[in-house]
Amino acid sequence: MGKKIKRIFGIDLGTTNSSIAYVDDYGKAVIIPNSENQRVTPSVVFFDGGTIVVGDVAKESAKLYPNEVVSFVKRAVGEPDFLFEYDSQIYHAEEISSFVLRKVAQDAEQNLGEKVQDVVITCPAYFGINEREATRKAGEIAGFNVRQIINEPTAAAIAYCAEDPLDKHTVLVYDLGGGTFDITMIAIDSDTIEVVCTGGDHNLGGKDWDDRVVNYLVQEFQKQTGIDDDILEDPDTCQDLQISAERAKKILTQRKKTPISITHGGQRVKIELQRDKFEELTQDLLERTVNFTKEMLSAGAKKGHTTFDDFILVGGSSRMPQIARRIQQEFGVEPKVYDPDGVVAKGAAIYGWKLALNDGLAQKISEKQGINIADQSADEIIELSPEMVIKDAAQELARETGYTLPAVERSMVKVKDVASKSFGVVVRDQGDEEMVYNLIMRNTSVPVDASKTFYTAVANQETVLIRIMENEVSEKTVGLGYTMEIGTAVLKLPPGLPADLPIEITFRLDNEGRLKITAVESAESRKVDVTIETNSVIHGTALEEAMARSQSIVVY
Ligand code: AMP
């Protein structure tokens with residue numbers, strides 16, 4: 001192997017489990033086991049006196065110390081009201097997630113003897129602006145150089161393509177994890193991986209299947225003991241039942257029945273849960289995923305993709321046998337269960353490797369062409385260069401790095417994503433009613449620019465406040481009730497402007513799903529300063545303090 005390119009690691013920051021991967025010297029994506037020699041680390045954080053414990057030990061501690069353990073923090077990411085207090089210290093979701101990131105990275109460093117610095121982190125496709133930004137902040141608090149946030153199903157498709165030759169086909173990625181569900185249609189061609197459309201539910205995952213079993217166990221306990229109390233009010237019993245329910249669920253993936261014992265208030269009840277009963281208890285949850293899949297298929301059809309070739313199942317919960325069975329029955333294809341726990345981190349690592357190779361290629365091309373690399377992105381340099389120059393640069397890079405020429409060429413595959421939400425602003429209609437005007441519609445390819453003209457209300461107005469709204473509606477105008485404010489944009493105007501002056505604001509959603517806003521005042525075509533303000537992502541002093549704490553807090 002010749003000169004190495006910079007290593008960019010891929011991290012799947014999951015609701016229940018997280019994992020980290022890298023691309024080895026032979027161009028193969030590999031999951032790096034944690035210090036317990038497991039491929040995944042539970043995304044559970046235990047505040048244990050002065051130390052932070054992440055992973056299996058934290059998960060086990062939840063039973064004894066329910067108030068000191070945080071699980072499912074990903075469901076709280078981007079929510080302004082989530083704050084966890086421990087020992088008079090307030091922690092935001094971003095900081096708690098940063099502990100999970102640090103744990104997987106530390107274990108990887110120990111395993112490889114190499115520092116984890118540059119990373120690609122994944123998030124669910126339907127994460128909105130704030131959740132994405134919060135995920136990035138979690139990485140930054142952990143001390144990483146976050147190269148990109150990419151969507152989990154896109155990462156899964158990238159990993160899938162790396163193993164299969166890139167002929168033209170359309171793939172559906174059904175991703176049912178611990179707390180989230182994503183369904184995505186991806187069109188693969190020899191030189192592009194393009195997300196056609198995506199849908200899903202923030203609050204639907206394996207945990208909901210567990211909860212159904214927990215409720216069933218409570219009912220059985222009540223039936224057999226004649227005790228009417230809500231035994232879930234006892235935190236110990238509640239934790240016990242959660243753990244037993246998840247264990248039972250996993251056993252039912254392999255076997256047709258499983259014994260479960262429930263102990264509460266000195267009474268012990270034993271039941272046998274049959275797979276059929278489990279499927280009956282959770283049937284409606286599975287149907288919700290089927291309905292999301294149908295909705296996404298009709299969105300895909302509107303964009304000209306009326307059929308698909310492969311249906312792949314990712315996420316730990318897709319192992320439940322009823323999932324594949326129901327999909328085959330409904331959609332007439334046999335889905336493939338594809339490395340459910342590893343595929344997302346692997347795809348992120350391959351994407352990181354692609355970024356690193358692209359940087360190398362762009363560097364070589366710019367040397368050959370005499371271009372200043374600081375002026376353009378690697379993608380732009382490659383896109384704008386003559387084919388012969390790219391070929392020469394690719395050959396040189398392959399020689400220097402020891403990777404094969406086809407591998408280097410494959411790193412130039414373009415990955416195109418879509419907006420997972422619609423984005424708009426609050427306007428008033430003719431009847432002076434407030435409503436939302438969508439500038440960017442969900443499932444539009446990104447990057448995308450869209451503009452709207454606003455007017456100053458009075459002469460000499462110093463600022464214009466724009467309310468930025470996120471929603472799931474694919475219409476130009478939406479009632480306020482269907483949308484969520486994700487922040488405000490404050491336009492700072494130059495002095496001396498008249499009333500009613502048009503100001504054109506442009507939303508730009510980049511390929512990472514980050515929103516940037518620019519504004520131009522029409523009279524003199526002057527650029528207007530825009531700042532986006534949000535309370536949903538850690539910022540200001542809280543961010544600085546979390547960054548500072550990160551230097552001193554040890555994570556185990
Ligand atoms: P992920 O977020 O992709 O790591 O998925 C974690 C979820 O997968 C959790 O809800 C697990 O309980 C669930 N899971 C993992 N293995 C199995 C299995 N063998 N059968 C059913 N569910 C599983």
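For ligands, and for the atoms within them, numbers begin at 1 and follow the listed sequence.
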Would you say ligand 1 has an N or O under 3.5 Å from any N or O of G177?
-> no
Take every heavy atom of D341, measure it against each atom of ligand 1, and state whether any distance is under 4.0 Å.
-> no
Consider only side-chain N and O atoms of Q329 and R326, and report whether a donor and an acceptor are under 3.5 Å apart.
-> yes
So which heavy atom in the protein is nearest atom 15 (C) of ligand 1, and how far is it from that ligand atom?
-> K250 CE, 3.6 Å
Are E36 and K103 close enough, and set up right, to give a salt bridge (charged side-chain N to carboxylate O under 4.0 Å, His left out), and what steps lead you there?
-> CA-CA 12 Å; E36 292 81 35; K103 160 75 177 162; 3.7 Å; yes
Per-atom contacts, ligand 1 versus M320 - under 4.0 Å to a heavy atom = 21 (C)
Do K336 and Y160 have side-chain atoms, one donor and one acceptor, less than 3.5 Å apart?
-> yes
Do any N/O atoms on L176 end up under 3.5 angstrom from N/O atoms on ligand 1?
-> no
Numbering the atoms of ligand 1 from 1, which are under 4.0 Å from a heavy atom of G315?
-> 3 (O)
To atom 18 (C) of ligand 1, the nearest of I323, N17, T253 on a heavy-atom basis is T253
Under 3.5 Å, side chain of K257 to main-chain N/O of R275, donor-acceptor pair present?
-> no
Selection from S317, G206, P340 by shortest heavy-atom distance to atom 7 (C) of ligand 1 = S317
Please identify which atoms of ligand 1 are closer than 4.0 Å to at least one heavy atom of G178.
-> 1 (P), 2 (O), 5 (O), 6 (C), 7 (C), 9 (C), 10 (O)
When only distance counts, is E246 in polar contact with ligand 1, meaning an N/O pair under 3.5 Å?
-> yes
Does any N or O in the side chain of E246 come within less than 3.5 Å of the main-chain N or O of I243, such that one atom is a donor and the other an acceptor?
-> no
Can you list the residues that meet the side chain to side chain donor-acceptor pair (under 3.5 Å) rule with Q89, with sequence neighbours excluded?
-> none
re atom 19 (N) of ligand 1, the protein heavy-atom contact at minimum distance is R319 CD, 3.5 Å
Starting from atom 23 (C) of ligand 1, locate the nearest protein heavy atom and write down its residue, its atom name and how far away it is, to 0.1 Å.
-> G316 O, 3.4 Å
Determine whether the side chains of D107 and S35 contain a donor N or O and an acceptor N or O closer than 3.5 Å.
-> yes
What residue and atom, counting heavy atoms only, is the protein's closest point to atom 6 (C) of ligand 1, and at what distance?
-> T16 OG1, 3.1 Å
For residues D417 and N511, is any side-chain donor paired with an opposing acceptor at under 3.5 Å?
-> no
Do D211 and Q242 have a side chain donor and acceptor closer than 3.5 Å?
-> yes
Specify the protein heavy atom at minimum distance from atom 22 (N) of ligand 1: its residue, its atom name, and the distance to 0.1 Å.
-> K249 CE, 3.6 Å
